[in-house]
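Below, all heavy atoms of this structure are taken into account, side chains as well, without hydrogens, waters or symmetry copies. Throughout, protein chains are lettered first and strands after them, A, B, ... in sequence-line order, and every chain is numbered starting at 1.
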2 protein chains.
Amino acid sequence: MGIHERKEREKERRKEEILDAAQRVFFEKGLNSATMDEIAEAAELSKATLYLHFVSKEDLYLAVAIRGLGIAHELFKEAIDGGTTIVEKLNGVKKAYTTLFNTHRNYFRMFSFFQTPQFHKQVSDAMKDAFRVESNKNWEMIISFFARGVSEKRIRNDFDPVEMAIVIWSNAASLMSRIDSEAEVWKYRRNIDLNKTLETSFRLLIEAILTPEARLEYAELLRDEEKHIQFK
Amino acid sequence: MGIHERKEREKERRKEEILDAAQRVFFEKGLNSATMDEIAEAAELSKATLYLHFVSKEDLYLAVAIRGLGIAHELFKEAIDGGTTIVEKLNGVKKAYTTLFNTHRNYFRMFSFFQTPQFHKQVSDAMKDAFRVESNKNWEMIISFFARGVSEKRIRNDFDPVEMAIVIWSNAASLMSRIDSEAEVWKYRRNIDLNKTLETSFRLLIEAILTPEARLEYAELLRDEEKHIQFK
DNA sequence: TCTATTTACTGACTGACAGTAATACTTTAG
DNA sequence: CTAAAGTATTACTGTCAGTCAGTAAATAGA
């Protein structure tokens, strides 16, 4: 009796099709300017059908954002699995986050949207939970990596690894969102390159949490990277 | 010919009345849930009249937010004028920001709203400029304070004071917005008190930018505050 | 194979709400 | 006293999220 399974698969595929369409429209127009009619047309379905799969426009938006969390997860996983030492991995995570920002800008914007309290009212609890679960996977990975760094004595043990992760993360996120919306203003009015500021703050905070020996290794790694850049 | 002036004043007062009403409604419901009809009713005017003074709902929202920038300005001014030493002033600024967050939460939320790219489309350039001008006054004050700290050799001179200001500011803002929306989750799931995290990151960053001598003074100041808390 | 039922989908509608046009009322200027 | 300018309102329009009543197709049961 595979009919039920097939139906299930088809339903799932339809959902993905809707998500594909919604993603295209949301990426282009953002949450507010995108309309459900546009998404329906992009999906080649009637608007009412969208509501058979998602309870609201905001729900649909969040479902697209969850895809972004998956991409982020892969980037972080690659970074942590890729590096040989804790310091290398940490630098890799930093780069992964920068990549997320630079090459998946649309997803990045969606994530910050989830923060605004405005947003939450119109989203189903189920979708909110789904988002939190995915988001949590990413935090879990980062936090356990930090904890490992502490146990291997490469990251200071006089701060909570969770707190260190939150601080570094939040700092980067807020600078990035400032870059996204205000980079030209700062460049023009005060001749500040916020991208450089982001790099600097990353360096400051990473140095602040490393143990003295790890800090030396990190300095060396940065010197090597510098050299690499000069050669290209 | 004072008639023109009187008219001007009356128009200004009407505008303030509308702002008062809008503020009440926006604070209670947020941008999206608030309706212009509600605001009109709260202002005891017809909706069309609102549009004689503000070009859109978003414009009105931003006009309210600008009031918040004024409050922030006063708080920072008090802090900087109040302290005797650079370190004291710096600690005062930190407290001022915390006060802004804790006792003017609604304004704080409005500020972060301005960051989202979604928002900008529906706002008139005039209002955007007005917001930037006010916002700039605050930045100006903070940045020139940092610059003074550098010239008095209490703040490190190997970083750009503007960049230091941006980093500290952004870090605080992002942690606060996380506190605003996720405090319970972090407390419940990982037993993290984000308010403590905020304090820690403030301390870390402030220590990072002070010169060695100033850092000693800061440590002492924190000890005194600690004592004070125990006595109350 | 015929009929009943469930599933997937849709066109047409509704209600909410931002924004506007037409019009009335009030004050000022000549 | 009247024209002009300014202030306000009522009644409207257009847009859009979300819904409802119903259709068509697939499936299950006889």
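Contacts of residues 46-65 of chain B with DNA chain C (heavy atom under 4.0 Å): B:K47, B:A48, B:Y51, B:S56, B:K57. Interface residues of residues 22-33 of chain B facing DNA chain C, ordered by number: none; criterion, heavy-atom separation under 4.0 Å.
Rounded to whole Å, the distance from CG on B:D37 to C1' on C:dT20 is 13 Å. Straight-line distance from the CZ atom of A:R14 to the P atom of D:dA26: 13 Å, rounded to whole Å. When rounded to the nearest whole Å, the span between NZ of B:K15 and P of D:dT7 equals 12 Å. Note: CZ (A:R9) to C1' (C:dT7) measures 17 Å, nearest angstrom. Taking atom CD of residue A:E12 and atom P of nucleotide C:dA8, one finds them 12 Å apart after rounding to whole Å. One can place CD of A:E44 at 13 Å from P of C:dG11, the figure rounded to the nearest angstrom. Atoms CD1 (A:I39) and C1' (D:dA17) sit 11 Å apart, rounded to a whole Å. A:E17 has its CD atom 14 Å from the P atom of C:dA8, to the nearest Å.
Judged by a 6.0 Å distance limit and a 45° cone about the ring axis, A:R105 is positioned over the six-membered ring of A:F101.
Qualifying side chain to side chain donor-acceptor pair (under 3.5 Å) partners for B:N195, counting only residues two or more places apart in sequence or in other chains: none. For B:N191, the side chain to side chain donor-acceptor pair (under 3.5 Å) criterion is met by B:K187, not counting sequence neighbours. For A:N106, the side chain to side chain donor-acceptor pair (under 3.5 Å) criterion is met by no residue, not counting sequence neighbours.
Between A:E140 and B:R190 there is a salt bridge, since at least one side-chain N of the basic residue sits less than 4.0 Å from a carboxylate O of the acidic one.
Here salt bridge (charged side-chain N to carboxylate O under 4.0 Å, His left out) pairs that include residues 93-104 of chain B, with residues two or more places apart or in two chains, are B:K94-B:E199, B:K95-B:E225. Sorted by first and then second residue, the ring-ring contact (aromatic ring centres under 6.0 Å, His included) pairs with a member in residues 37-75 of chain B read B:F26-B:Y61, B:Y61-B:F113, B:Y61-B:F119; sequence neighbours excluded. Among residue pairs with one or both ends in residues 47-62 of chain B, those qualifying as salt bridge (charged side-chain N to carboxylate O under 4.0 Å, His left out) are B:D37-B:K47; sequence neighbours excluded. The stretch residues 166-187 of chain A participates, sequence neighbours left out, in these ring-ring contact (aromatic ring centres under 6.0 Å, His included) pairs: A:F76-A:W169, A:Y97-A:W169, A:W139-A:W169, A:W186-B:W139.
Counting non-hydrogen atoms under 4.0 angstrom, A:A40 reaches nothing in the nucleic acid.
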